[in-house]
Trainee: 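Here it is, the structure, as structure tokens.
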Amino acid sequence: MSNKLVIYNTLTRKKELFEPLNPPFVGMYVCGPTVYSDVHLGNCRTFVSFDLIYRYLLHLKYKVRYVRNITDAGHLEGDRDEGDDKFSKKARLEQVEPMEIVQRYTIGFHDVMNLFNTLPPSIEPTATGHIAEQIEMIKEIIENGFAYEKNGTVYFDVEKYSKDHNYTILTNRNLEELLANTRDLGGQDEKHGRLDFALWIKAKSEHIMRWPSPWGWGFPGWHIECSAMSSKYLGETFDIHGGGMDLAATHHTNEIAQSQACNHSQPAKYWMHTNMLTVNGARMSKSAGNGFLPHELFTGSHPLLSRGFSPMTVRFFMLQAHYRSTLDFSNEALEASDKGFKRLMAAYGLLGKLKTSERSEVDVAAIRERCYDAMNDDFNSPIAIAELFEAVRIINSIYDGKTAATAQDVAALKSLMDDFVFDILGLKEEHAQTEDISHIMDFIIQLRHEAKLSKDYVTSDKIRNGLQALGIQLKDGKEGTTWTKA
RNA sequence: GGUCGGAUGGCCGAGUGGCUAGGCAGAGGUCUGCAAAACCUCCUACAGCGGUUCGAAUCCGCUUCCGACCUCCA
């Protein structure tokens with residue numbers, strides 16, 4: 001089952017059998033955040049999606065080198081290849097050093113990624129740490145004739161490149177129309193062509209983040225960092241390059257052009273793009289002002305939410321949609337995921353309490369098979385989750401004594417849940433302190449049980465209601481009482 | 001304006017030609033001191049109009065609506 005993985009490749013616009021260039025090694029590069037402000041939930045979705053992909057590749061026993069960059073320099077405000085980079089602007093607003101901005105939001109990003117239980121990448125390189133590599137790459141591109149310098153700024157020559165290469169290979173757009181439709185940049189434009197983009201940008205006198213280069217003091221353009229760092233750590237051609245769908249048309253298109261112009265090869269065999277998180281049908285984005293910040297979600301302070309939702313609820317919510325579909329974010333949808341996630345985890349908690357028999361009425365292997373089929377089909381986590389709920393139904397039914405299962409069945413159920421719920425979907429129990437109070441809960445449940453035996457329902461209900469108020473729910477079953485945290 | 005992608009039951013969301021996921025919500029039932037939980041049953045939808053086919057949510061055409069990209073954004 002592990003060798004039938006199929007991945008949708010943006011490059012070819014179809015699903016392809018995944019065949020790594022050098023198995024069992026897999027190189028995966030994902031465009032990381034630009035750390036000039038807090039990550040919002042839309043950003044998080046992309047990284048959760050690639051975490052799922054990373055985890056599944058690891059589960060299939062691939063030796064994955066997962067590289068995800070931190071963009072901490074060179075990201076301009078507008079499209080004119082002039083003016084401030086985002087860090088300088090933010091730093092000036094807050095009257096701090098640009099690198100303080102970088103530090104603050106890098107830490108914040110890592111904190112949020114931890115809350116979402118994403119595995120850290122193997123390498124997390126920064127743009128500022130790879131200025132030399134970027135300069136070398138730019139020199140090579142100039143040497144190969146695909147870039148030109150103008151007043152200390154270096155531009156990539158798209159028209160020249162497109163004579164021998166398919167510039168729009170990733171998005172299949174018509175280059176002629178693109179040239180015709182691109183906005184007129186005005187009179188004093190330094191670029192030869194409208195689609196040309198900056199590889200290196202001359203620093204103005206007030207610009208703090210600057211480095212020396214063959215073209216004077218300046219800083220790198222946005223796209224070159226990913227090309228330089230991915231080839232440094234993964235080679236000139238590697239297996240998977242990923243990022244949000246919004247990056248395909250510009251950032252990734254330019255990355256491909258840069259790599260081709262420098263190395264004469266496609267940087268990645270498979271291009272994967274995750275879809276957007278929407279709010280009321282519109283894309284969540286920083287500039288649109290409809291971005292949810294993770295803490296607004298966890299605390300419920302956002303006006304669209306009735307209460308807070310935990311990181312695992314949100315992760316589960318994201319995984320209930322396929323990574324290539326848009327996902328609409330709403331209070332109602334989160335409530336549904338919250339209930340479903342708790343139900344899933346509650347069933348897992350029952351696994352140690354199941355009575356086994358000699359008979360078997362369940363086929364766990366078939367469920368496992370279907371979970372693999374789903375994941376092998378371009379990481380279809382929603383279907384895998386649907387199958388896991390079949391396992392949940394079976395577990396509950398065994399617990400109720402309505403379905404017979406052998407000890408092997410129960411072990412298989414546990415192994416299924418361990419593999420898929422925890423290792424692959426990356427979910428986790430949210431109340432780690434549960435174990436610490438379990439013996440106390442056993443004691444309280446025993447007290448209540450005694451009260452019930454003597455038909456002292458006033459006391460038993462008082463215990464139940466009191467615990468409910470503390471966020472602990474008791475569940476009376478045939479085999480005794482269990483409890484869960486709300 | 002150009003390019004691309006969507007429109008699935010009350011909500012979220014899978015599904016690419018017949019067997020009509022799943023979660024949540026709703027209805028009934030079983031269990032229970034009661035409740036909750038759990039289990040069982042039900043609610044059986046594919047924007048509209050044509051066409052292809054023995055058969056279409058799924059393929060084709062047209063219409064309407066929505067979104068993304070084309071400009072910084074995961």
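Each chain gets a letter, A, B and so on, in the order its sequence line appears, and its residues count up from 1.
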Trainee: Report the nucleotide, chosen from B:A14, B:A74, B:G13, that has the shortest atom-to-atom distance to any side-chain atom of A:Asn380.
Mentor: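 Of B:A14, B:A74, B:G13, B:A14 is nearest to the side chain of A:Asn380.
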
Trainee: Hunt down the Watson-Crick or G-U wobble partner of B:A56, both distances under 3.5 Å, from any strand shown, or write none.
Mentor: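 Base partner found: none.
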
Trainee: Which is true for A:Asn275 with a 4.0 Å heavy-atom rule: it touches a base, it touches only sugar-phosphate, or it touches nothing?
Mentor: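 Result for A:Asn275 = base.
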
Trainee: Mind checking if A:Gly477 touches a base, just sugar-phosphate, or nothing, with heavy atoms under 4.0 Å?
Mentor: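 Touches nothing.
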
Trainee: Using whole Å, what does the distance between atom P of nucleotide B:G13 and atom CG of A:Leu388 come to?
Mentor: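 Taking CG of A:Leu388 and P of B:G13, I get 20 Å after rounding.
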
Trainee: Using the side-chain heavy atoms of A:Pro382, tell me which of these nucleotides is nearest: B:G23, B:A14, B:C34.
Mentor: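 My answer, after comparing the listed nucleotides, is B:A14.
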
Trainee: Taking any strand in view, what nucleotide pairs with B:C65 in a Watson-Crick or G-U wobble way, both distances under 3.5 Å?
Mentor: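 WC or wobble partner is B:G6.
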
Trainee: Carefully, step by step, assess A:Asp476 and A:Arg448 under the rule salt bridge (Lys or Arg N to Asp or Glu O under 4.0 Å).
Mentor: CA-CA 11 Å; A:Asp476 292 339; A:Arg448 176 163 169 273; 3.1 Å; yes

Trainee: Go through B:G33, B:G22, B:C12 for me and flag the one nearest to the A:Ser460 side chain.
Mentor: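 Nearest nucleotide to the side chain: B:G33.
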
Trainee: Mind checking if A:Asn396 touches a base, just sugar-phosphate, or nothing, with heavy atoms under 4.0 Å?
Mentor: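 Sugar-phosphate only.
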
Trainee: With A:Ser337, which of A:Glu332, A:Lys342, A:Gln320 fulfils side-chain hydrogen bond (donor to acceptor under 3.5 Å, both in side chains)?
Mentor: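 The option that passes is A:Gln320.
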
Trainee: Nearest heavy atom decides the nucleotide; on that basis, is A:Arg448 or A:Gly42 closer to the 5' end of RNA chain B?
Mentor: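 Its nucleotide being nearer the 5' end, the pick is A:Arg448.
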
Trainee: Quick one: label A:His40 by what it contacts on the DNA or RNA (base, sugar-phosphate, nothing), any heavy atom closer than 4.0 Å.
Mentor: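 Since a base atom lies under 4.0 Å of A:His40, the category is base.
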
Trainee: B:U41 and B:A21: how far apart are their P atoms, nearest whole angstrom?
Mentor: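 Rounded to whole Å, the distance is 14 Å.
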
Trainee: Return the pairing partner of B:A21 with a 3.5 Å limit on both distances, Watson-Crick or G-U wobble; otherwise return none.
Mentor: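 B:A21 is paired with nothing.
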
Trainee: Measure CD/A:Gln468 against P/B:C34 and give the value in whole Å, please.
Mentor: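 For the pair A:Gln468 CD and B:C34 P, the rounded distance is 18 Å.
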
Trainee: What integer number of Å spans the P atoms of B:C70 and B:A38?
Mentor: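 Those two atoms are separated by 45 Å.
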
Trainee: Is the distance between the ring centroids of A:Phe420 and A:Tyr372 under 6.0 Å?
Mentor: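 Yes; A:Tyr372 has its ring centre under 6.0 Å from that of A:Phe420.
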
Trainee: How long is the line joining CZ of A:Phe341 and C1' of B:C24, in whole Å?
Mentor: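 Atom CZ in A:Phe341 sits about 16 Å away from atom C1' in B:C24.
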
Trainee: In terms of the nearest nucleotide of RNA chain B, which residue is placed more toward the 5' end: A:Lys402 or A:His251?
Mentor: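 Its nearest nucleotide being more 5', the pick is A:Lys402.
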
Trainee: Taking atom C1' in both B:A14 and B:C46, compute the distance separating them and give it to the nearest angstrom.
Mentor: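 My reading of the C1' atoms in B:A14 and B:C46 gives 13 Å.
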
Trainee: State whether a side-chain donor-acceptor pair under 3.5 Å links A:Thr274 with A:Thr46.
Mentor: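 A pair is found: one side chain offers a donor N or O, the other an acceptor, under 3.5 Å apart.
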
Trainee: If the P atom of B:G13 is compared with that of B:G50, how far apart are they to the nearest Å?
Mentor: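 Result for the P pair: 30 Å, nearest Å.
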
Trainee: Give one of base, sugar-phosphate or nothing for A:Ala333, where a contact means two heavy atoms less than 4.0 Å apart.
Mentor: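 Answer is sugar-phosphate: A:Ala333 comes under 4.0 Å of backbone atoms only.
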
Trainee: Calculate the interatomic distance between A:His322 atom NE2 and B:G15 atom P; express it in whole Å.
Mentor: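 Taking atom P of B:G15 as the reference, NE2 of A:His322 is at 7 Å.
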
Trainee: Return yes if the base of B:A35 and the side-chain atoms of A:Asp476 contain a donor-acceptor N/O pair under 3.5 Å, otherwise no.
Mentor: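 Between B:A35 and A:Asp476, which were checked side chain against base, a qualifying N/O pair under 3.5 Å is present.
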
Trainee: Considering every strand shown, what is the Watson-Crick or G-U wobble mate of B:C31 when both distances are under 3.5 Å?
Mentor: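 Check on B:C31: unpaired, no WC or wobble geometry under 3.5 Å.
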
Trainee: Counting any heavy atom closer than 4.0 Å, what does A:Thr250 reach on the DNA or RNA strands: base, sugar-phosphate only, or nothing?
Mentor: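 Contact class for A:Thr250: sugar-phosphate only.
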
Trainee: Using a 4.0 Å heavy-atom cut-off, does A:Thr278 contact any base of the nucleic acid, only the sugar-phosphate backbone, or nothing at all?
Mentor: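 No contact.
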
Trainee: With no hydrogens and no angle check, do the side chains of A:Asn69 and A:Glu124 hold a donor and an acceptor under 3.5 Å apart?
Mentor: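 There is no such pair (donor and acceptor under 3.5 Å, judged by atom type) between the side chains of A:Asn69 and A:Glu124.
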
Trainee: Taking the minimum atom-to-atom distance to the side chain of A:Met284, which one of B:C34, B:G22, B:A74 wins?
Mentor: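 The answer is B:A74, which lies nearest to the side chain.
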
Trainee: I want to check one thing: is the phosphate of B:C11, taken as OP1 and OP2, less than 4.0 Å away from some side-chain N or O of A:Ser330?
Mentor: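 Looking at the OP1 and OP2 atoms of B:C11, neither is under 4.0 Å from any side-chain N or O of A:Ser330.
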
Trainee: Taking any heavy-atom pair under 4.0 Å as a contact, classify A:Leu327: base, sugar-phosphate, or nothing.
Mentor: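 Sugar-phosphate, backbone atoms only, no base.
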
Trainee: Between B:G51 and B:A57, how many Å separate the two P atoms, rounded to a whole number?
Mentor: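 About 15 Å, rounded to a whole number of Å.
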
Trainee: Need the pair for B:C70. Rule: Watson-Crick or G-U wobble, both distances under 3.5 Å, any strand; none if unpaired.
Mentor: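 Per the H-bond distance test, B:G1.
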
Trainee: Rounded to the nearest Å, what distance is computed from the CG atom of residue A:Leu427 to the C1' atom of nucleotide B:G23?
Mentor: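 Atom-to-atom, A:Leu427 to B:G23, this comes out as 14 Å.
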
Trainee: What integer number of Å spans the C1' atoms of B:C66 and B:C54?
Mentor: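 Straight-line distance between the two C1' atoms is 36 Å.
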
Trainee: Can you confirm whether or not the ring centre of A:Phe197 sits under 6.0 Å from the ring centre of A:His223?
Mentor: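 Here the rings of A:His223 and A:Phe197 have centres that are less than 6.0 Å from each other.
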
Trainee: Base, sugar-phosphate alone, or nothing: which one does A:Lys339 contact when heavy atoms must sit under 4.0 Å apart?
Mentor: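 The residue A:Lys339 makes sugar-phosphate contact but no base contact.
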
Trainee: Counting the benzene-type ring for Trp, do A:Phe422 and A:Tyr348 have ring centres under 6.0 Å apart?
Mentor: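 Close enough - the centres of the two rings lie under 6.0 Å apart.
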
Trainee: Would you indicate, yes or no, if B:A37 has its OP1 or OP2 atom less than 4.0 angstrom from a side-chain nitrogen or oxygen of A:Arg343?
Mentor: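 False: A:Arg343 side-chain N/O out of range (4.0 Å or more) of B:A37 OP1/OP2.
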
Trainee: Write down the distance separating the C1' atoms in B:G2 and B:U71, rounded off to the nearest Å.
Mentor: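 So the two C1' atoms sit 15 Å from each other.
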
Trainee: Rounded to whole angstrom units, what separation is found between the CD1 atom of A:Ile383 and the P atom of B:G23?
Mentor: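 One finds 14 Å between P of B:G23 and CD1 of A:Ile383, rounded.
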
Trainee: I'd like to know whether the aromatic ring centres of A:His207 and A:Phe219 sit less than 6.0 Å apart in this structure.
Mentor: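 Under 6.0 Å, so yes.
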
Trainee: With a 3.5 Å distance limit and no angle check, can you tell me whether A:Arg315 reaches the backbone of A:Val48 through a side-chain donor-acceptor pair?
Mentor: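 Checking the backbone N and O of A:Val48 against the side chain of A:Arg315, no donor-acceptor pair under 3.5 Å is found.
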
Trainee: Which nucleotide sits closest to the side chain of A:Ala386: B:G22, B:A14, B:A74?
Mentor: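 Nucleotide nearest to A:Ala386's side chain: B:G22.
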
Trainee: Please state whether the phosphate of B:C40, meaning OP1 or OP2, lies under 4.0 angstrom from any side-chain nitrogen or oxygen of A:Arg393.
Mentor: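 Yes, because at least one side-chain N or O of A:Arg393 sits under 4.0 Å from OP1 or OP2 of B:C40.
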
Trainee: Measuring only the C1' atom in each nucleotide, how far is B:C59 from B:G17? A whole number of Å is fine.
Mentor: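 Per the computed distance, 8 Å lies between those C1' atoms.
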
Trainee: Categorize A:Gln473 for me: base, sugar-phosphate, or nothing, with a 4.0 angstrom heavy-atom threshold over every strand shown.
Mentor: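 The residue A:Gln473 makes sugar-phosphate contact but no base contact.
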
Trainee: Just wondering, do A:Tyr457 and B:G33 stack (centres under 5.5 Å, planes under 30°)?
Mentor: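 Base of B:G33: stacked against A:Tyr457.
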
Trainee: Could A:Asp51 and A:Arg55 be called an ion pair, given the rule that one side-chain N must be under 4.0 Å from one carboxylate O?
Mentor: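 Between A:Arg55 and A:Asp51 there is a salt bridge, with a charged N closer than 4.0 Å to a carboxylate O.
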
Trainee: For A:Ser397 and B:A38, is the shortest distance between a side-chain N/O and OP1 or OP2 below 4.0 Å?
Mentor: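 Answer is no, no contact under 4.0 Å.
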
Trainee: If I take atom CG in residue A:Asp378 and atom C1' in nucleotide B:U16, what distance separates them, rounded to the nearest angstrom?
Mentor: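 One finds 15 Å between C1' of B:U16 and CG of A:Asp378, rounded.
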
Trainee: Could you tell me the separation between the NZ atom of A:Lys475 and the P atom of B:A36, rounded to a whole number of Å?
Mentor: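 It is 13 Å, rounded to the nearest whole Å.
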
Trainee: Nearest to the side chain of A:Leu247 - B:A74, B:G33, B:G23?
Mentor: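 Nearest to the side-chain atoms of A:Leu247, counting from C-beta on, is B:A74.
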
Trainee: Of the options B:G15, B:U30, B:A74, whose atoms approach the side-chain atoms of A:Asp246 most closely?
Mentor: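 So the nucleotide nearest the side chain must be B:A74.
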
Trainee: Whether A:Arg464 contacts B:A35 is assessed here as follows: a side-chain N or O lying under 4.0 Å from the phosphate OP1 or OP2. Is that the case?
Mentor: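 Result: no.
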
